[in-house]
Amino acid sequence: MNSQVSTQLARLLCNVRYSPHGVKLGHFMHFAGYLDGLRDLQGVDADAITRLDKLALNAFIQSHGRRREVEA
């Protein structure tokens, strides 16, 4: 994985993790679409894509769970 792809993935993951709740799902879907594009182009091995996908999903779920705890 080259440095441009790594930087873009890091920025997209930051958007998933730290964006306001109302737009978090959109950022997660953008991240997932970017990973799908990498998978289609075979730019990154499948194991790395799976790890990144799980990392983004965990970031989305953890922040969503924290918001629910605050509301309760």
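These values consider heavy atoms only, across backbone and side chains, with no hydrogens, waters or symmetry-generated copies.
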- [ ] Using the test side-chain contact (heavy atoms from CB on, under 4.5 Å), find all partners of A32 that sit at least two apart in sequence or belong to another chain.
- [x]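 So A32 forms no side-chain contact (heavy atoms from CB on, under 4.5 Å) with any residue.
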- [ ] Would you please name every residue forming a side-chain contact (heavy atoms from CB on, under 4.5 Å) with T50, sequence neighbours left out?
- [x]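 For T50 the side-chain contact (heavy atoms from CB on, under 4.5 Å) partners, ignoring immediate neighbours, are K54.
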Task: Test item: K24 side-chain N/O and R17 main-chain N/O as donor-acceptor pair under 3.5 Å - done: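 Answer holds: yes.
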Which heavy-atom pair separates [X] from [Y] by the least distance, and what is that distance?
X   : Y   : result
Y34 : V5  : OH-CA, 4.2 Å
L12 : F31 : CB-CD1, 3.4 Å
V16 : A59 : CG1-CB, 4.2 Å

Open item on the list: I'd like to know whether L35 forms a side chain to side chain contact (heavy atoms under 4.5 Å, CB included) with H30, so could you lay out the CA-CA distance, the side-chain angles of the two residues, the decisive distance to 0.1 Å, and finally the verdict.
Closed with: CA-CA 9 Å; L35 287 180; H30 186 211; over 6 Å; no
Open item on the list: So, taking the atom named OH in Y18 and the one named CG in L13, what distance separates them when rounded to the nearest 0.5 Å?
Closed with: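 If I round to the nearest 0.5 Å, the distance is 8.5 Å.
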TODO: State which residues pass side chain to side chain donor-acceptor pair (under 3.5 Å) with D36; sequence neighbours excluded, sorted by chain then number.
DONE: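 Here the qualifying residues are R39.
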Open item on the list: Grouping I, L, V, M, F, W and Y whenever their side-chain heavy atoms are under 4.5 Å apart, do V23 and F60 come out in a common cluster?
Closed with: no
Task: Sub-4.5 Å side-chain heavy-atom contact between F28 and L57 - done: yes
- [ ] Flag the pair L38 / L9 as yes when at least one side-chain heavy-atom distance between them is below 4.5 Å, and no otherwise.
- [x] yes
